[in-house]
Amino acid sequence: MSYLSLSDKDKAEMLARTGAGSIADLFCCIPEEVRLDRPLDLPAAQSELELVRTVEGLGRKNAYAGLLSFLGGGAYDHFIPTVVDYLSSRGEFVSPYTPYQPEVSQGTLQVIFEYQTLVCQLTGLDIANASLYDGSTGAAEAVLMAQRVTNRNKVLVAASLHPQYRQVVRTYIRNLGLEAVEIGFGADGRVDRDALGRALDDKTAAVIFQSPNFFGVVEDIQGLSDAAHAAKALSVAVVAEALSLGLLEAPGRLGVDIVTGEGQSLGLPPSFGGPYLGFMACKKEFLRQMPGRIAGQTVDKEGRRGFVLTLSTREQHIRRERATSNICTNQALCALRATIFMETLGKQGLREMAWQNAQKAAYAADRLSAVPGVKMRFSGPFFNEFVLDLPKPWAAVDAGLRAKGIVGGYGLEADYPGIGSAALVCVTELRTKDEIDRLARALREVVS
Amino acid sequence: MSYLSLSDKDKAEMLARTGAGSIADLFCCIPEEVRLDRPLDLPAAQSELELVRTVEGLGRKNAYAGLLSFLGGGAYDHFIPTVVDYLSSRGEFVSPYTPYQPEVSQGTLQVIFEYQTLVCQLTGLDIANASLYDGSTGAAEAVLMAQRVTNRNKVLVAASLHPQYRQVVRTYIRNLGLEAVEIGFGADGRVDRDALGRALDDKTAAVIFQSPNFFGVVEDIQGLSDAAHAAKALSVAVVAEALSLGLLEAPGRLGVDIVTGEGQSLGLPPSFGGPYLGFMACKKEFLRQMPGRIAGQTVDKEGRRGFVLTLSTREQHIRRERATSNICTNQALCALRATIFMETLGKQGLREMAWQNAQKAAYAADRLSAVPGVKMRFSGPFFNEFVLDLPKPWAAVDAGLRAKGIVGGYGLEADYPGIGSAALVCVTELRTKDEIDRLARALREVVS
Amino acid sequence: MIKEIREPLIFEISEPGKRAAELPVLDVPAKKDLLAGVPLRRELEGFPEVSETEITRHFTRLSQKNYCVDMGLYPLGSCTMKYNPKINERLAAHPAFAASHPLASDDLVQGNLEVLKKLEGFLCEIAGMDAFTLHPAAGAHGELTGMLIIRAALEARGDARKHVLIPDSAHGTNPSSAHICGYTVREIKSNDKGTIDLASLEEAMTDEVAALMVTNPNTLGVFESDICRIAEIVHAKGGLVYMDGANMNALTGIVRPGDMGVDVMHINLHKTFSTPHGGGGPGSGPVGVTKELAPFLPVPVIAEKGGRYALDFDRPGSIGRVRAYFGNFGIAVRALCYILSLGPRGVREIAEFAVLNANYIRKSLEGEFHLKYTTASMHECVFSDKLQKEFGVTNLDISKRLIDYGLHPPTMSFPLIVHGALMIEPTETESRRDLDLFIAAMKAIAREARETPDLLRSAPHVTYVGRLDEVAAAKFPVLRWEKKP
Amino acid sequence: MIKEIREPLIFEISEPGKRAAELPVLDVPAKKDLLAGVPLRRELEGFPEVSETEITRHFTRLSQKNYCVDMGLYPLGSCTMKYNPKINERLAAHPAFAASHPLASDDLVQGNLEVLKKLEGFLCEIAGMDAFTLHPAAGAHGELTGMLIIRAALEARGDARKHVLIPDSAHGTNPSSAHICGYTVREIKSNDKGTIDLASLEEAMTDEVAALMVTNPNTLGVFESDICRIAEIVHAKGGLVYMDGANMNALTGIVRPGDMGVDVMHINLHKTFSTPHGGGGPGSGPVGVTKELAPFLPVPVIAEKGGRYALDFDRPGSIGRVRAYFGNFGIAVRALCYILSLGPRGVREIAEFAVLNANYIRKSLEGEFHLKYTTASMHECVFSDKLQKEFGVTNLDISKRLIDYGLHPPTMSFPLIVHGALMIEPTETESRRDLDLFIAAMKAIAREARETPDLLRSAPHVTYVGRLDEVAAAKFPVLRWEKKP
Ligand SMILES: Cc1ncc(COP(=O)(O)O)c(C=O)c1O
Ligand SMILES: Cc1ncc(COP(=O)(O)O)c(C=O)c1O
């Protein structure tokens, strides 16, 4: 299937206008010797029908689709109202690019402005950007930002920050003279405050932690912020489960300076890890150090309100190597989906959804930890996921559950060597009581 | 889930403005004694998620979905390019009504104008309307139209016209002094010309036949038209498989006066029989007798081209009981889908698709009639379906095939008593060679 | 100077060889002598050849020339242009339904049959009728079906009778449908309240009259308060009462036609139950009847036994088939979804807030525009251009000027008994803000009619085309594109 | 007089109690002491409360204020705004992919892994590189990844070196990405052909230089004809060649970076392989490397063995992870679909007709607009406002005036080496008609610049808002809505 729009006649006439004798002539500036002298070795072109058969065939190889799953850990299975899919698929949203020309991009720009407002409301902070790639790169950008703000070169990273996020932070900071020190966790699953106290010093740019953390446990955000501030370091909170902000107090009201995180829960399907939505908000004094695009409100000559991209002197296309980030293309359509999602759920709906997550997870924790031999690993309060200690190796438990059509959780040993047979179990509003009970029954059979 | 957009405050303030003391007061003109004094006995309101679960649950009760099907007979399983679904689902097409206000409906109106053009091109006739309900009511409307045009009261109906269409024609004409005489078919599956000749007389308003007919057999359209014209009757052709017009000569070029039919094949899913698309085209001398809406081209004061609904003095809202039809709401969105479909397939694609149908059906006929005991019922040329005579009762064959996951065809005995064990088998471009071979193998096993 | 944004006809951008779709290569051996002897066409003469880019742009740009419910208030009276939930579109397009074939045997489509049967049941409860058929494809088709049932029932009694009584305010489909059933139409004049005059009715109601077709609330948005008495009068003479239920949006959960003496009625699913109007259709016009008339329903009827569904064709009294297969099934799925979403309270709120919104508009515009009938309004109200006429401004001018305010005009010049009518039906799904925008625009227009009437007479000013020459369109009809010679 | 069609912010139409979505009632026993001791929020202060009608209208109306590829030519240079096939959107949204979880074990997501591996293979073939990673989320992220690979490789050799050479025509992301890798940027001046000056390069290329980042064709749309020699110079000094492949659209099937001495490169899937730009993203920026550099690719790498796929974390040389999970997977699905649709010939035609279309525009506008560099153009051409300056008309005015013609402006003021630049990239999916509309508009504007320059300076005239005050926006930033006190 070709997507060209030229007839043979068009091609011939247009070629004539260019003065080239042939299509090949158009490429005369490419040295003969490197030009490809054979057709590409790719599969033959497919019509739409063949493509559908091929690609749906690949989809059928994902056995995951048929299973009852309790996976979370940074990617969540939430309800998405159909209106989100419908509206976000309109060509006028899908097919433009960055709103460089505001007069013909007011749709996109106003959506970004609303998105920024919603992120500020969710996080309790003053300003937000238009998006970053995802939660993991958001965490890395936040660390670099803290370095710029504080001019300090050490960052304390909670071990309960998503393991993959920590790896990304490490990759980003490697060549920037920044040192990362990991801070462990206690029996409650929260950041080890003694260890944190010991590590905080006048070189510390920031304490970066996740809440709810990778174990699902809600951190003592105010306490961590106070500790960071006492050392004149920034408090950076990562929120990998953005829905939690529907119920938990806004981090900005608990002393946090920068909140960044993953917005996938807000209207994006899990989609094997992407496209997702990195969000970031901060106090207004850090505005000039914020990475990424920002939309602002202004007026035209007649005084009519309009929106533009603004403060772009922070950005790579103006500042080049001194930019606050190298990001250019961001996750705009994901931010649009999140905007529609949040506005559709609204004040009551988002809270209700968050509350149902917490209630269902609490119910599941009760049911599962009542299985003989199964225990809650951590004592701390949790949102919609929690860690279970299991009496048998996770591999065996996992296989046993799988045989019953269930993906029961995510085994932690690869990411936390020495943690033993422990698994992270996530329960969203989409899991019914029946499904939770089914998991409990299955687990009982598998571990007995 | 409620779709109201009023807050409690809105409701109270608005009620105050109306002067009514309560919502109930607004209904004071309804006699107390007939007002419903209890809540309706309907299931409790469902949220979107519950609705999806309920309705998808109903969908799962359709065992048909999982089977390999060779059903046709007026509803066909054809490829629909995704762009048709995408574009036809745009709110600007889905959510307006009839373009009574042309200045804000140029989209819909231009689409109708293009649709009318395409129908004229397909049928080889001069003018087309904006749609009728479906093929069956189209056939009925064509008969009434022929009565108006000729002032005659007898209509000869081919027995090979879709049985359900014939029933609908009978229902419509019942009280209009019209007599319908059925004309049988020969061993070739075509209209019995001798019988036709005997029945044609100076009371005959029209000969109405289907081509390809209900058995898939292509009629001798020119011959039938000539016979009708010889008696000064109209030749009315019904096309239940609109795709056939991609390959077969346009009926308008074979003497037909009115072509009507079912456009479902042109971009509409089978959807258990509807919504479908009745199309109708005729020679221009019958314009004033045409039922249904028609769009026409005109200009505004500046001479800019625009489109309007026109010739509405034919219609019920102007002519009332003397209208050419009672139709008001038609199948506009289906006509829009058909327009996008035809323009997407285009000149080459539509022909190619029609040709592949004929080729695959021919291959299938060869393979299936090679099964011992199975024979082609009719000797006439066929498009994408054909009738098989089977050596065992259809009920048994059908059950046997069903056990192998196949719906092999449509048994004809209920509609054609005495025809014996015969089934109509349809093969579209969506059926692969493998699937056809699978049917042939299965049939061999079942009948042996 | 500013470029006019005119969208060419697809035929005008066609170029040989362009393709927007391809098929897999034929996978069976190709026959050379395919359809030997049958006249085949050499090519699809005139058919367009364009790319997918061009298809997408063509229809995207065309769509942008439409106003629609998804953009704002669409107060087209009698058409019930309410918001159409997106989830219903998705569910109706679900392959389990959309891919199912109408000739599949009952046992393969139990889900479909259950959808239909459930919806019939819901409609019976909402309308207070004993049985419903979902075959009719739209309201007018429902009228035809219903009147055929009446005729069949009367025939069964021995006399089909001759006439049908229809008020002068009725929709044009009513007389037209009655006509197809072989009846002549007798018009009943409305009284000064806009309702059926009982005396005229009594006079007209003879034993030659088969039925009265009554729209309730009628097309003025006025409830026929005497409906029970009306039914008595008709029944007393052996006639039957047909109710055009196009305006059910005013009644759901409040009062049921079956409780008011109605024998047969239709409902416009696409109105009351929010299936999108699609630029003119598809719709669905289910017909409800009393127990006595159920034997005459069109075939097939869906029978249920122990949770299994089957098609019943053994209905000797049936009027026959009115449409192939089962009507506009996809529309039924949407309506079912709507009722399931709303539940008993939500269905009642349809009427409550449709009526509140209409009365809010009416009260807000009274004085600015003339109201011929001051009887209480239900779900719509019918103003006229009487006050504006003195400035040389008509309902057409008012309507076109509304377009400049970013709104869709009301229904114009219907019902016929209100000269220069502006028939306004807001529906219940509107927000206060959208209602207020409309009211403010109408008030501004009333002022403009006095102060700058030319502005109205030359409206609309914001659209791609101005007022179009409809006379020329009808006089010199150009009904299709043709290749320039 | 005509009503301005302004769309309020959603917050401005919010009213307490309105809902656009509901959830099922909680089906587990509700705990009272949920999250005891954790600070919870009383309410989502400021969050909107609206109905589904209002949501749909808000976003429908907002969408209508955008220009987009689905409406017409979008000649934004360097951004490759080609048509995005609708089928690819549908397939990427297929639940088999969209519902799959990134932490599911390999055996449950074999289809996903095959998608990724297949696409890597296709990109290797198209780019002539030995290995690809799909982790990077966009072009800039790819640059970062690629430069980290270069640094890791050089470190493994013993010296990461200090500088990176970047031509003055380069995109801003290049220096910014190099900076995050700990390199200082040395700018290379372009010669009068707009390409890298070999002498300057030879001078700058010392053994302190880690790499050259070269864009080919560069941002002028000019092919670096000396690319092989350039690579030799860099390699001779032990440096590596990074190619910014954002402009691969000019090269597919014609020439392969891997055959020209490139060591590392990125491709913008959202450009060359037609995934929609979404108003700014998401994109995907896969990085390709030579065999020698493959050990440094980010983890995890997808390993295939006998048709089974597994994630390989055992990569001691790896730069580590650059993003959680597997990058923008959904974008990879779309790109795979695109390549499968086009096949070998179609992929070559991308470049052929992208270059034909650009040259067609260039030839049509030469003379009307100034062309600083007259070197042969590939997929885009960069004009400037030099000829219009004398009438007091800038590239901004020209751009805004194009909007009045129903078109999107080109990229403005980039590359920096062309003052008043107008960078035009039509892409291959455009029709002759759309190209001609653009050319005609540009010619008309060139005439208007001479005759009625004010018309340009006050443009656009057809949009909801006129030119916006960007200075005020930056000086007094209003970056979110706030409730009026
Ligand atoms: C009062 C009334 N009756 C009947 C009809 C006819 O319904 P339909 O358009 O569905 O055929 C309509 C609708 O247009 C109407 O408003
Ligand atoms: C030449 C060039 N390099 C790099 C980039 C950065 O790519 P992305 O926007 O995907 O991060 C762009 C695109 O904007 C570009 O045009």
Side-chain angles (χ1 to χ4, degrees), chain B residues 1 5 10 14 18 26 29 39-40 42 45 55 58-59 61-62 64 71 81 87 90-92 94-98 103-104 106-108 117 121 133 136 164 167 171 175 249 269 271-275 296-298 300 306 310 316-317 320-321 323 326 328-333 344 347 363 433, chain C residues 20-21 27-28 39 46-47 59 62-63 65-70 91 96 98 100-102 104 108 110-111 137-138 140 172 175-177 179 182 185 223 276-283 320-321 324-326 328-330 341 343-344 355 359-360 376 431-432 463 465-466 468 473 478 480-481:
Chain B
M1 178 65 204
S5 304
D10 291 333
M14 289 168 62
T18 66
L26 293 170
C29 47
L40 287 167
L42 296 171
V55 178
L58 288 169
K61 296 187 184 173
N62 285 338
Y64 183 77
L71 287 179
L87 291 168
R90 286 178 57 83
E92 292 92 332
V94 172
S95 76
Y97 190 44
T98 306
E103 300 87 352
V104 286
Q106 283 299 301
T108 296
T117 304
Q121 291 168 343
Y133 301 137
S136 71
Q164 299 195 12
Q167 292 167 29
T171 304
N175 307 302
E249 182 55 285
S271 191
F272 204 48
Q297 178 179 311
T298 184
D300 70 4
T310 191
Q316 45 73 29
H317 62 283
R320 301 180 77 87
E321 62 267 38
N326 68 333
C328 176
T329 294
N330 59 16
Q331 304 288 118
L333 193 63
T344 299
K347 189 184 240 179
Y363 172 78
K433 178 170 179 300
Chain C
D27 66 349
V28 300
F47 247 57
F59 287 98
L62 282 177
S63 75
K65 297 184 196 295
N66 276 355
Y67 185 88
C68 64
V69 172
D70 279 5
L91 289 170
S100 66
H101 196 284
L108 296 180
Q110 287 292 304
S176 180
S177 300
H179 171 78
V185 172
F223 190 84
H277 285 52
R321 240 187 223 282
Y325 315 124
F326 316 100
N328 279 340
F329 173 75
S341 294
V355 172
N359 278 281
Y360 179 70
S431 69
R432 170 97 179 264
T463 47
V465 290
L468 291 158
V478 179
R480 56 169 295 191
W481 172 86

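Just so it is clear, the structure is predicted and the values come from calculations on it, not from any experiment. Per chain, numbering begins at 1; letters A, B, ... match sequence-line order.
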**Item:** chain C contacts, top residue of B/Arg90, B/Met1, B/Met14 (heavy-atom pairs, under 4.5 Å)
**Value:** B/Met14
**Complete:** On a heavy-atom basis, the closest approach of C/Pro344 and B/Ala45 is CD-N, 4.3 Å
**Nearest non-hydrogen partners of C/Val185 and B/Glu321, listed with the distance** = CB-OE2, 3.8 Å
**Message:** Tell me if a side-chain donor or acceptor on C/Asn66 pairs with a main-chain N or O of B/Thr108 at a distance below 3.5 Å.
**Reply:** yes
**Prompt:** With respect to chain B, which residue among C/Thr463, C/Asn359, C/Asn328 yields the maximal number of heavy-atom pairs within a distance under 4.5 Å?
**Reply:** C/Asn328
**Request:** For side-chain contact (heavy atoms from CB on, under 4.5 Å), just list the numbers for B/Gln106 and C/Leu468, CA-CA rounded to whole Å, side-chain angles, deciding distance to a tenth of an Å, and then say yes or no.
**Result:** CA-CA 11 Å; B/Gln106 283 299 301; C/Leu468 291 158; 3.4 Å; yes
**Prompt:** What are the two closest heavy atoms between B/Thr18 and C/Tyr360, and how far apart are they?
**Reply:** CG2-N, 3.6 Å
**Prompt:** Taking the side chain from B/Gln121 and the backbone from C/Gly46, do they hold a donor-acceptor pair closer than 3.5 Å?
**Reply:** yes
**Complete:** Note: vs chain B, highest number of non-hydrogen pairs under 4.5 angstrom among C/Gly343, C/Ser176, C/Ser431 is C/Ser176
**Prompt:** Looking at B/Cys328, B/Gly306, B/Pro275, B/Ser136, which has the largest count of heavy-atom pairs under 4.5 Å with chain C?
**Reply:** B/Pro275
**Which portion of B/Tyr363 sits near chain C, non-hydrogen atoms under 4.5 angstrom** = side chain
**Request:** Kindly assign one of parallel, tilted or perpendicular to the pair C/His101 and B/Tyr64, based on the angle between their ring planes and the thresholds 30° and 60°.
**Result:** tilted
**Prompt:** Looking at B/Gln164, B/Gln167, B/Glu92, B/His317, which makes the most heavy-atom pairs under 4.5 Å with chain C?
**Reply:** B/Gln164
**Item:** Most chain C-contacting option - heavy-atom pairs closer than 4.5 Å, from B/Gly274, B/Pro96, B/Ala332, B/Gly107
**Value:** B/Pro96
**Fill in**
Most heavy-atom pairs under 4.5 Å with chain B, out of C/Ala96, C/Gly278, C/Pro39, belong to C/Gly278
**Message:** As an exercise: rank B/Leu71, B/Leu333, B/Asn326 by heavy-atom pairs under 4.5 Å with chain C and give me the winner.
**Reply:** B/Asn326
**Asked** Which one of C/Ala473, C/Ala138, C/Gly279, C/Gly172 has the most heavy-atom pairs closer than 4.5 Å to chain B?
**Response** C/Gly279
**Request:** For residues B/Thr171 and C/Arg321, report the shortest heavy-atom separation together with the two atoms involved.
**Result:** OG1-O, 2.5 Å
**When C/Pro282, C/Gly330, C/Ala140 are compared by non-hydrogen pairs under 4.5 Å with chain B, the top option** = C/Pro282
**Portion of B/Leu87 that has a non-hydrogen atom of chain C nearer than 4.5 angstrom** = side chain
**Message:** Does any backbone or side-chain atom of B/Thr310 lie under 4.5 Å from a heavy atom of chain C? Answer side chain, backbone, both or neither.
**Reply:** side chain
**Item:** Separation between NE2 of C/His277 and OG1 of B/Thr98, rounded to the nearest 0.5 Å
**Value:** 8.0 Å
**Prompt:** Okay, side chain of B/Thr329, backbone of C/Gly281: is any donor-acceptor separation there less than 3.5 Å?
**Reply:** no
**Prompt:** At their closest point, which heavy atom of C/Tyr325 faces which heavy atom of B/Phe272, and how far apart are they?
**Reply:** CB-O, 4.5 Å
**Message:** Looking at every non-hydrogen atom in both residues, tell me the closest pair between C/Cys68 and B/Ser95 and how far apart they are.
**Reply:** CB-OG, 3.1 Å
**Request:** Could you look at C/Leu91 and say if it's the side chain, the backbone, both or neither that has a heavy atom under 4.5 Å from chain B?
**Result:** side chain
**Largest heavy-atom contact set with chain B, pairs under 4.5 Å, which of C/Ser177, C/Ala324, C/Gly283** = C/Ala324
